[in-house]
Amino acid sequence: MLIRNPADLVPSEITPRGVFDNRREFLKAAAGTTLGLALQPMSDAFAAEKLAAATKSPFSTEEKPTAYKDVTGYNNFYEFGTDKSDPAEHAHTLRTRPWTISVEGLVKQAKTFAIDDLIKLVPLEERIYRMRCVEGWSMVIPWLGLPLATLLKQVEPLGAAKYVEFISAADPKTMPGVSSRVLDWPYIEGLRLDEAQHPLSILAVGLYGEVLPNQNGAPLRLVVPWKYGFKSGKSIVKIRLVEREPQTSWVKANAREYGFYSNVNPEVDHPRWSQATERRIGEFIKRKTLPFNGYADQVGKLYAGMDLKKYY
Amino acid sequence: MVWPVVYNPTQRQLSALKTLLFLVCLLPLARLGWGLWSDQLGANPIEFITRSLGTWTLNFLLITLTVSPLRKLTGWHWLLRLRRMLGLFAFFYVMLHLTTYLWLDQFFDWTAIVKDILKRPFITVGMSAFVLLVPLAATSNHAMIRRIGGRRWQQLHRSIYVIAIFAVVHYWWLVKKDVTLPALYAVLLALLLGMRALWREQERRQQLAHVSPLAKKRGKVIPIAARQ
């Protein structure tokens, strides 16, 4: 059953996060406007662009979303550096307009979408998802986006298409991390076609009611909530439908530690650390990690009969 | 000015220097305390603290290993009298580092901890380094040096070389992909240990030079004089 009630309180009606988090500065700035000098900090506070109203989704978790400053300040986005504070610091150089996403390969009709057209393709949905990083920490993030299946339907995959490959931008001019050899650029991720078509898989264009911040993978990123975070490629420029399992960046970097599937699984340890528990950002006591990150009811059947220790 | 600069602090100056050094060595901890209090340690403060304490353990190990070469290069023999404190601070920071792991990471789940030590190479090597460091800390006072005897004490404390290597390996193995920092520590450690090996080799050759060619031919073992 899909409940599609229009949201009674849409994220865009809430005070923008940037303003809320800086409310003291905002008040100070407001107090100073009589002098006309304090307009600068005020306009900065409004810098985050709001997105059109989004509908709520039954796939959203009821859990408390992680603080905006942590969601946007603690990121793995190696194109901007390997430290988790690097993306927030360096990603301002990324130019997200103009931006096109081409969907090609084994499809009836290859298409190239301008990002602004893609955002308007269907009404955006709010999806509050758990996000589990392979490093043992997790967050709850209110994404805004559209089902990946919606986009795939537009190009009509051929019967021979078995996998989907996601290719991220790799521009050494705007992405300082690309000049280091830490990964094989461009960042490539992949899903099996049925995983990609699963209603939980989305392309996110925003979070917290705002346009996706650069450090979170602007202007468009994948979100596959039952897999470790690195499976969700950021700043995607190309999506290819292919016959064979794509060679992903992390599999190329270390196939023993990062498998193609990388479903969240407390039973299968990373060779160097246990995956049994996780620290939810903002919490002190660690939680038990759930199979498929708590989405087992929805996605478990995709893997019926598969040895998840072998296909990790 | 002529190098090496001859500088010999008086007893009082040395005491003052030691007090100052003691306070400086506490700064990394104070910084963490302040960062925690003022919420400046980022989204994952526990990870930040664990990492930082580990980094400072490694820093103090390398600083301790710098004392001997620095003394040799400067001729400041009194530097040796600061070494014990530096070594003990390495132990102090590793104790805190270990505590964060046992408490904030594992919440004293001993089964999980034992499994972790046996299964995860980076924890195995890190824990080995810690275990090896315990006897060095325990034998750091004058009474223990007298009891063991200077020569044996020195032999025991040479295990610091292995401990430092283990510590760098521990760091290297825990990093996900970007090994820039562990590599930097490895280079510094290689330099510190390499200097010692080089000097020892030079010393050996000097001693060998004074031995008759005949003795060399017979393959006599030439002991290296114990260094003061």
Side-chain angles (χ1 to χ4, degrees), chain A residues 66-76 78 80-89 131 133-139 141 177 180-184 187 215 228-230 249-250 252-254 257-258 266 269-288, chain B residues 32 35-52 54-55 99-128 166 168-185:
Chain A
T66 303
Y68 179 87
K69 75 169 163 54
D70 293 339
V71 171
T72 57
Y74 191 74
N75 310 94
N76 276 321
Y78 281 12
F80 294 100
T82 55
D83 200 274
K84 271 183 274 292
S85 58
D86 282 340
E89 215 169 294
M131 203 283 290
C133 178
V134 71
E135 296 164 3
W137 52 269
S138 63
M139 292 183 178
I141 305 173
S180 95
R181 306 258 109 230
V182 63
L183 283 175
D184 195 6
Y187 192 86
Q215 61 267 36
Y228 293 116
F230 70 89
S249 292
W250 279 104
K252 270 189 267 181
N254 194 339
E257 300 196 352
Y258 308 96
D269 288 343
H270 182 277
R272 285 184 286 154
W273 54 80
S274 160
Q275 295 291 29
T277 59
E278 67 197 52
R279 174 163 281 117
R280 179 71 51 84
I281 295 302
E283 291 181 357
F284 181 68
I285 305 279
K286 284 180 148 185
R287 311 169 156 245
K288 281 202 156 41
Chain B
L32 282 179
L36 194 64
W37 175 257
S38 57
D39 191 20
Q40 280 171 16
L41 301 184
N44 199 346
I46 293 172
E47 188 196 59
F48 187 96
I49 290 170
T50 309
R51 292 279 168 97
S52 174
T55 304
T99 306
T100 55
Y101 166 71
L102 297 177
W103 178 28
L104 303 175
D105 200 54
Q106 299 287 353
F107 293 93
F108 304 111
D109 179 349
W110 297 107
T111 335
I113 291 165
V114 169
K115 244 172 48 190
D116 231 15
I117 295 170
L118 296 177
K119 255 181 103 174
R120 324 266 170 234
F122 90 89
I123 294 184
T124 316
V125 74
M127 202 57 85
S128 308
F166 279 12
V168 171
V169 171
H170 169 66
Y171 189 16
W172 194 295
W173 282 352
L174 84 87
V175 168
K176 203 163 122 192
K177 197 67 186 53
D178 185 359
V179 290
T180 315
L181 275 174
L184 182 69
Y185 277 100

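Everything numeric here is computed off the predicted structure, so don't read it as measured data.
Closest approach of B:K176 to A:Y258, counting heavy atoms only: CG-OH, 2.8 Å. Taking both residues in full, the closest heavy atoms of A:V182 and B:K177 are given as O-NZ, 3.0 Å, listed atom of the first, atom of the second, then distance. Closest heavy-atom contact between B:A43 and A:I281: O-CG2, 3.3 Å. Taking all atoms of both residues into account, the shortest heavy-atom contact from B:P121 to A:P271 is CD-O, 4.5 Å.
Within the 4.5 Å cutoff, no side-chain heavy atoms of B:N44 are placed close to those of A:K84. Side-chain contact between B:L104 and A:F284 is present, with at least one heavy-atom pair separated by less than 4.5 Å.
Contacts between A:S85 and chain B at a heavy-atom distance below 4.5 Å are absent for every atom of the residue. There is no contact between A:N75 and chain B, counting heavy-atom distances below 4.5 Å. Using a 4.5 Å cut-off between heavy atoms, A:W250 touches chain B through its side chain atoms alone. Neither the backbone nor the side chain of B:D109 comes within less than 4.5 Å of any heavy atom in chain A. Proximity to chain B (any heavy atom under 4.5 Å) is shown, for A:V71, by neither the backbone nor the side chain. At a 4.5 Å heavy-atom cutoff, A:N254 makes no contact with chain B through either its backbone or its side chain. Residue B:Q106: no heavy atom, backbone or side chain, is found under 4.5 Å from chain A. Only the backbone of B:L174 comes within contact range of chain A, judged by heavy atoms closer than 4.5 Å. Interface residue A:Y78: only side-chain heavy atoms are found under 4.5 Å from chain B. Residue contact with chain B, scored on non-hydrogen atoms closer than 4.5 Å, involves the side chain of A:R279 exclusively.
Contact count versus chain A (heavy atoms, under 4.5 Å) is highest, among B:F107, B:W173, B:F122, for B:F107. Taking B:T180, B:V175, B:V179 one by one and counting their heavy-atom pairs under 4.5 Å with chain A, the maximum is reached by B:V175.
Distance check, rounded to the nearest 0.5 Å: CD1 of A:I285 to CD1 of B:I46 gives 8.5 Å.
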